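Predicted, not measured: the structure shown is a model, and the values here were computed from it.
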Amino acid sequence: MFQEMDFIHMVLNAGLMVRFVLLTLLLFSIVSWTIIIAKFFHIRRAAAESERFSDFFWKSRSLSEAFSKIKRIRRFQKSPLAAIFQIGFLELKKMSQAGVPLSAEEAPDMSGRPVGLDSLERSLERAIRSEVKRMSHMAPFLATSGNTTPFIGLFGTVWGIMNSFHGIGIMGSANLAVVAPGISEALVATAAGLAVAIPSVIAYNYFINKIRVMESDMRNFSSDFINIVQRDMLRPKAD
């Protein structure tokens, strides 16, 4: 209790610049923790729904059946895999309606691949990039917070110590009782900067790792989707 009172006393009696630095760090902390909490639940839900969607997808008898069930039951709204599947299926449907060649025998490109396959792959790649961007939203702020807040706190400390030594020069006394209070108040800014930076860096690394894992899962699913389309819809027509 006394230590808490001493800390509050140090903050309230710190210089104007140090208090401004502490207020800035407090704002960084509030925003960072808001992002951390929101991003944690968002990514956890996305991973859980993607896992359930994967089981659902491979149990479906056809792409059309899987698509119609998703639309009917309105599940997997936060799943990146479900979003990629729906975009891929709709692109496939548009190509079929527009008469884009969907057979290996019809208008292949220079590599001998069906014309529609390249368009489908580009659509899936755009969907993957969009999902990664959506999941990474606001995460760079955590990296910025982790990189800058220690220096903001250090600036407040340097400013506070500078004022302490300036006060020593005016008073003409340099004993510990005169120096210690001002320096301890200034060091609070460095501690506050580290208190903001450490969880921000840990959370940023955690989220980036999770996003990379899900990006890998999305690319694997995209490859599986292409393979299914090639096998079931783009196979050469029988004579």
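- Atoms CG and CD1, from Leu124 and Ile84 in turn, are 7.5 Å apart once rounded to the nearest 0.5 Å.
- The distance from the CD1 atom of Ile70 to the OG atom of Ser60 is 7.5 Å, given to the nearest 0.5 Å.
- For the pair Phe141 and Phe28, the tightest heavy-atom approach, listed with the atom from each and the gap, is CZ-CD2, 3.8 Å.
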- Item | ring pair (Phe, Tyr, Trp, His ring centres under 6.0 Å) evaluation trace for Phe56 with Phe76 | CA-CA 10 Å; Phe56 162 81; Phe76 314 118; 5.4 Å; yes

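- Atom-to-atom distance recorded for Ile128:CD1 and Ser222:OG is 4.5 Å, nearest 0.5 angstrom.
- Taken from CE in Met95 to OG in Ser119, the straight-line distance is 5.0 Å, to the nearest 0.5 Å.
- Of the inter-residue distances, the one linking Ile43 atom CD1 with Arg45 atom CZ reads 14.0 Å to the nearest 0.5 angstrom.
- Under the 4.5 Å side-chain criterion, counting only non-hydrogen atoms from C-beta, Asp118 is in contact with Glu121.
- Counting heavy atoms from C-beta on, the side chains of Met218 and Arg129 never come closer than 4.5 Å.
- Note on Phe57 and Ile87: separate hydrophobic clusters, where clusters join Ile, Leu, Val, Met, Phe, Trp and Tyr whose side-chain heavy atoms are under 4.5 Å apart, directly or indirectly.
- Here the closest heavy-atom approach between residue Ser79 and residue Glu49 is recorded as N-OE1, 3.4 Å.
- With Thr149 contributing its side chain and Ser145 its backbone, the two residues share a donor-acceptor pair below 3.5 Å.
- A side-chain donor-acceptor contact under 3.5 Å links Asn220 to the backbone of Ser216.
- For the pair Trp58/Asp224, a side-chain contact is recorded, criterion being any heavy-atom separation below 4.5 Å from C-beta on.
- Taking the ring centroids of Phe40 and Phe207, they lie at or beyond the 6.0 Å cut-off.
- In this structure, the side chain of Ser32 does not engage the main chain of Ser200 through any donor-acceptor pair within 3.5 Å.
- For the residue pair Leu22 and Ala189, the shortest heavy atom distance occurs at CD2-CA, 3.8 Å.
- Across all their heavy atoms, Ile35 and Met138 have their closest contact at CD1-CE, 3.6 Å.
- Under the 4.5 Å side-chain heavy-atom criterion for grouping Ile, Leu, Val, Met, Phe, Trp and Tyr, Leu81 is connected to Leu90 within one hydrophobic cluster.
- Connection of Ile152 to Leu26 is not established within any shared hydrophobic cluster, with ILVMFWY side chains joined at heavy-atom distances below 4.5 Å, either directly or through further cluster members.
- Ionic pairing of Glu215 and Arg212 is not present here: no N-O contact between side-chain nitrogen and carboxylate oxygen is shorter than 4.0 angstrom.
- A 4.5 Å side-chain heavy-atom check between Tyr204 and Ile36 finds every atom pair outside the cut-off.
- Checking side-chain atoms of Ser68 against main-chain N and O of Glu65 turns up a donor-acceptor pair under 3.5 Å.
- Using modelled atom types, one side-chain atom of Thr34 and one backbone atom of Ile30 make a donor-acceptor pair closer than 3.5 Å.
- Ile211 and Phe41 fall within the same hydrophobic cluster, where Ile, Leu, Val, Met, Phe, Trp and Tyr residues are linked whenever their side-chain heavy atoms come under 4.5 Å apart, directly or through other members.
- The side-chain heavy atoms of Asp217 and Ser50, taken from C-beta on, include no pair separated by under 4.5 Å.
- No path of Ile, Leu, Val, Met, Phe, Trp and Tyr side chains, each step under 4.5 Å between heavy atoms, connects Leu194 with Val201, placing them in separate hydrophobic clusters.
- Nearest heavy-atom pair across Leu25 and Gly193 is CD1-N, 3.5 Å.
- Across all non-hydrogen atoms, the minimal contact from Gly88 to Phe225 is C-CZ, 3.7 Å.
- By the 4.0 Å N-to-carboxylate-O rule, Arg219 lies close enough to Glu125 to be salt-bridged with it.
- Residue Lys39 places its NZ atom among more than 12 non-hydrogen atoms of other residues, nucleotides or ligands, all under 6.0 Å distant.
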- Residues Phe67, Lys93; criterion side chain to side chain contact (heavy atoms under 4.5 Å, CB included); working and verdict: CA-CA 11 Å; Phe67 183 81; Lys93 188 175 181 181; 5.7 Å; no

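- In this structure, the side chains of Lys78 and Arg44 stay at 4.5 Å or more apart for every pair of heavy atoms.
- Between the Thr148 side chain and the Thr144 main chain, a donor and an acceptor come within less than 3.5 Å of each other.
- Using cut-offs of 30° and 60° for the angle between ring planes, the Phe85 and Phe221 rings count as perpendicular.
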